[in-house]
Amino acid sequence: MKLSGKKENFDEFLFKVDELGYAINDLLPNNWMLNLRESTSLLNDLLDDKHLKFKQETVTSSDNIAIQIKTTLQDTDLQVFTSSVVILKSEDQIEYVLNWWLWQINCQLALIAEISNVFETAEEPECDAS
């Protein structure tokens, strides 16, 4: 994982996202996949409270063999961001098209979990500081 932005805010960003992960675990019901609209609303409210924003881009390869989902999490106050990329091979593309909302939320939750893991293990993230 690579963090970009204001280096002096990296630790605070990691802590903030780790706290977000715990809030999501506490507030998001176990069956969140059954009510995506409510789950998305809850997730967006939690992000807004912490001044965090997700941006997702989906790109299909020119030969239609893979779909790439890039998920970026940005803290607008701390001016720090990080991203992850998930590549779906052709056998997963139909499931993605049918369940794109679920895939998008899963990618967001996976990025939050990855950031929390870095914070909790005191692993040094790659940095691209300004």
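- The side-chain contact (heavy atoms from CB on, under 4.5 Å) check on Thr71 picks up Phe54, Gln56, Ile69, Ser84, Cys107, Gln108, Leu111, with sequence neighbours excluded.
- Hydrophobic cluster membership for Val85: Ile87 (Ile, Leu, Val, Met, Phe, Trp, Tyr linked by side-chain heavy atoms under 4.5 Å, directly or transitively).
- When the side-chain hydrogen bond (donor to acceptor under 3.5 Å, both in side chains) test is applied to Trp100, no partner is found at least two apart in sequence or on another chain.
- The two atoms that bring Gly21 and Ser116 nearest to each other are CA-OG, 4.5 Å, heavy atoms only.
- For the pair Thr72 and Thr82, the minimum side-chain heavy-atom distance is 4.5 Å or more.
- Considering CD of Glu12 and NZ of Lys6, their distance stands at 11.5 Å, rounded to 0.5 Å.
- In this structure, Leu88 CG and Ile67 CD1 are separated by 6.0 Å, a value rounded to the nearest 0.5 Å.
- Phe15 is connected to Phe13 through a chain of hydrophobic side-chain contacts under 4.5 Å among Ile, Leu, Val, Met, Phe, Trp and Tyr, so both are in one cluster.
- For Ala23, the side-chain contact (heavy atoms from CB on, under 4.5 Å) partners two or more places apart in sequence, or in a different chain, are Leu46.
- When the side chains of ILVMFWY residues are joined at heavy-atom separations under 4.5 Å, either directly or via intervening members, Leu14 and Val80 end up in a single hydrophobic cluster.
- The two residues Leu27 and Leu42 come nearest to each other via the heavy atoms O-CD2, 3.3 Å.
- A salt bridge (Lys or Arg N to Asp or Glu O under 4.0 Å) check over residues 18-32, counting only residues at least two apart or in different chains, returns the pairs Glu19-Lys50.
- Note: Leu52 CG to Leu47 CG = 6.0 Å, rounded to the nearest 0.5 Å.
- Within the structure, salt bridge (Lys or Arg N to Asp or Glu O under 4.0 Å) pairs that include any residue of residues 74-86 comprise Lys16-Asp75 (at least two apart or interchain).
- No continuous path of ILVMFWY side-chain contacts below 4.5 Å connects Phe10 to Phe81, so the two sit in separate hydrophobic clusters.
- Atom CD in Gln74 sits 5.0 Å away from atom NZ in Lys53 (nearest 0.5 Å).
- In this view, Thr76 satisfies the side-chain hydrogen bond (donor to acceptor under 3.5 Å, both in side chains) rule with no residue, not counting sequence neighbours.
- Between the OG1 atom in Thr58 and the CD atom in Gln104 there is a gap of 5.5 Å [rounded to 0.5 Å].
- For the salt bridge (charged side-chain N to carboxylate O under 4.0 Å, His left out) test, residues two or more places apart in sequence or in another chain that qualify with Glu57 are Lys55.
- Every side-chain contact (heavy atoms from CB on, under 4.5 Å) that Thr40 has, sequence neighbours left out, goes to Asn44, Trp101, Ile105.
- Here the straight-line distance linking atom CD1 of Ile24 with atom CG of Leu43 works out to 5.0 Å at 0.5 Å rounding.
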Contacts table for residues 28-37: side-chain donor-acceptor under 3.5 angstrom, sequence neighbours left out:
residue	atom	partner	partner atom	Å
Asn35	OD1	Glu38	N	3.2
Asn35	ND2	Glu38	OE1	3.1

Worksheet entry | Worked check of side-chain contact (heavy atoms from CB on, under 4.5 Å) between Asp11 and Phe119 | CA-CA 8 Å; Asp11 288 338; Phe119 177 77; over 6 Å; no
